[in-house]
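Notes for the one structure printed next.
Order of the sequence lines fixes the chain letters, A, B, ..., with proteins taken first and strands second; residue numbering starts at 1 for each chain.
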Number of protein chains: 2
Amino acid sequence: MATVELSNKRIILKDYVTGYPKEEDMVLVTSTIGSKVPHGSQAVLVKNLYLSCDPYMRWRMSKPVTESYTTPYTPGSVLNGYGVAKVLDSGHPDFNSGDFVWGITGWEEYSLITMPQALTKIKYTDVPLSYYTGILGMPGLAAYAGFHEVCSPKKGETVYVSAASGAVGQLVGQFAKLMGCYVVGSAGTKEKVDLLKNKFGFDDAFNYKEEHDLAAALKRSFPDGIDIYFENVGGRMLDAVLLNMKVHGRIAVCGLISQYNLTQQEGVHNLFCLVAKRIRMQGFIEPDYRHLYPQFLEMAIQYIREGKVVYVEDVVEGIDKAPSALIGLFAGRNVGKQVVLVAPE
Amino acid sequence: MATVELSNKRIILKDYVTGYPKEEDMVLVTSTIGSKVPHGSQAVLVKNLYLSCDPYMRWRMSKPVTESYTTPYTPGSVLNGYGVAKVLDSGHPDFNSGDFVWGITGWEEYSLITMPQALTKIKYTDVPLSYYTGILGMPGLAAYAGFHEVCSPKKGETVYVSAASGAVGQLVGQFAKLMGCYVVGSAGTKEKVDLLKNKFGFDDAFNYKEEHDLAAALKRSFPDGIDIYFENVGGRMLDAVLLNMKVHGRIAVCGLISQYNLTQQEGVHNLFCLVAKRIRMQGFIEPDYRHLYPQFLEMAIQYIREGKVVYVEDVVEGIDKAPSALIGLFAGRNVGKQVVLVAPE
């Protein structure tokens with residue numbers, strides 16, 4: 001079949017972002033893309049089905065400072081991020097047209113992936129394919145590795161999760177419950193707090209926006225202190241947690257979403273607790289644990305099939321909705337994992 | 001021999017301290033103490049030879065807040081801390097008069113130790129006995145355990161030590177050099193910086209008070225970044241270090257001396273580096289590693305005898321000088337480990 005030109009809607013970053021991102025920082029353009037990979041290339045041409053909105057994307061929208069550890073986006077170019085796609089044409093022996101894949105793809109309808117080694121072929125399709133942007137993708141492995149590898153959890157320990165209804169938090173809480181921990185989460189609306197208690201099985205949950213004194217709220221939930229804090233938030237929440245940690249507690253730092261849009265980061269004042277309580281605080285990113293993905297996938301797919309773990313997604317339809325969905329993360333508009341449906345399977 | 005009353009000079013804490021401690025916060029009183037332990041008691045009566053001035057003592061001078069993890073001093077009572085003493089009389093089977101011991105004792109000429117289990121009998125007396133307040137005591141084990149157990153050092157790694165000429169810092173630097181690390185230290189005077197480079201064998205050193213931009217100073221010393229930071233200082237130094245850490249770096253938090261006298265702790269703003277660089281930051285206190293003391297002692301005594309490790313002390317004579325020696329720590333007046341000679345052996 002001859003190459004034809006496909007119409008391709010794309011989301012372009014206009015310029016580096018300062019402060020909170022706005023819809024106007026991104027622009028939808030319509031371009032075209034060939035329906036075949038270039039002759040002799042090992043690239044893969046995919047049709048994007050789902051795009052994932054993840055907080056880390058905000059880091060990449062900032063003008064890079066020296067020694068940035070993330071690859072910044074290029075103003076004027078298409079955004080990229082995790083997604084689920086269907087292979088339309090492949091020059092790479094590992095991929096065939098019709099395969100479903102997940103991995104880094106463009107924020108556009110069709111992408112030519114020149115490094116298809118970074119894509120993962122989807123093994124199980126008896127679950128929603130969008131799950132590969134969440135529970136069966138990067139956020140899932142981040143929750144699993146962050147909790148099991150970084151937090152060194154033990155049965156019966158007390159676990160606190162902030163941003164607990166989000167893509168990662170909802171899983172951390174459920175993994176901790178499956179281990180026999182006492183789990184409390186916080187979120188920013190009543191709807192989310194209800195989800196935590198009634199859908200995800202957290203032992204308790206609170207709306208941090210309704211708490212004037214976060215340290216007192218935590219003291220109420222954890223009268224004997226916190227063994228493990230899964231940190232998604234930072235800032236004054238971290239300060240309140242430090243005061244409530246137990247001796248030999250552990251803090252896994254997955255993200256600091258409260259800080260990403262500030263031009264001046266909030267100061268954290270209670271680090272002395274690290275010494276007094278001998279706390280281990282450790283940052284991590286999911287790619288460092290990618291070798292665990294195969295075993296994680298087998299475990300997670302079983303949990304899903306058996307109903308032991310549930311996953312809540314917030315799906316918006318249409319690539320034109322992607323910019324508002326992304327910025328909604330920072331206002332807490334999403335209820336569960338934020339996904340953009342670009343095209344039906 | 002009958003009990004006689006011995007004249008006993010003691011340092012009393014007048015009241016809880018706010019901000020920087022002053023000499024007037026402590027008062028010297030002369031009291032008396034019996035020359036024998038009470039009949040039937042398991043206590044030990046000691047003559048104090050050396051008292052140790054340690055930064056952690058400042059924590060204990062503050063009015064306790066809820067859930068303090070340190071035992072506060074009692075206003076109106078004698079101070080206590082690490083020291084070296086000679087047993088004058090003992091009701092405990094493990095101790096005999098004439099024994100030299102180290103451990104927690106009173107800031108006074110003679111102390112009746114009612115929990116002598118917490119004292120350690122001194123095994124080697126071919127080194128200055130004052131070393132048991134330093135290299136062979138709590139600071140020595142803190143340096144050893146903090147570096148070897150918390151920092152997970154590897155040969156060839158880059159190590160930064162703040163407050164590097166102090167009781168702990170000077171040892172961390174030397175232990176790191178013995179492991180084959182590249183070691184840079186900072187201190188607050190030219191004299192101390194010279195000690196670091198010429199006496200303790202640090203690869204490089206700088207006077208932090210002469211650096212307007214600490215991050216730039218660290219960048220100069222560590223163009224490729226810091227693998228291990230041994231934290232004694234906190235505040236803006238920690239912020240500068242975070243910017244200069246390498247991926248998978250480790251920070252052992254031994255103390256935060258820059259913060260102890262502040263009524264409002266400085267904020268630390270660069271914790272995002274924990275995530276981006278996957279840094280492990282861990283607080284510790286020496287008592288958690290006391291089980292390692294016997295093996296540490298054998299190693300350290302060999303190092304001292306072979307001249308592989310040296311130790312610099314700042315000894316003032318007379319218990320009346322103890323308050324000014326203690327508060328001198330927070331102005332950086334001490335050059336090396338601050339000790340008070342109470343009585344000659």
### Candidates A:Gln282, A:Met281, A:Arg280 - the one meeting side chain to side chain contact (heavy atoms under 4.5 Å, CB included) with B:Gln282
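Looking at A:Gln282, A:Met281, A:Arg280, the match for B:Gln282 under the side chain to side chain contact (heavy atoms under 4.5 Å, CB included) is A:Arg280.
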### Query
What pair of heavy atoms forms the shortest contact from A:Val275 to B:Trp59, and how long is it?
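What the structure gives for the nearest pair is CG1-CH2, 4.1 Å.
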Where does [X] contact chain A at under 4.5 Å (heavy atoms): side chain, backbone, both or neither?
X	answer
B:Glu231	neither
B:Leu256	side chain
B:Ile251	neither

### Message
Just to be sure I understand the criterion: a residue of residues 266-274 of chain B counts if one of its heavy atoms is under 4.5 Å from a heavy atom of chain A. Which ones qualify?
### Response
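From residues 266-274 of chain B, the residues near chain A are B:Glu266, B:Gly267, B:Val268, B:His269, B:Leu271, B:Phe272, B:Leu274.
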### Contact class of A:Tyr56 relative to chain B, heavy atoms under 4.5 angstrom
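Neither part.
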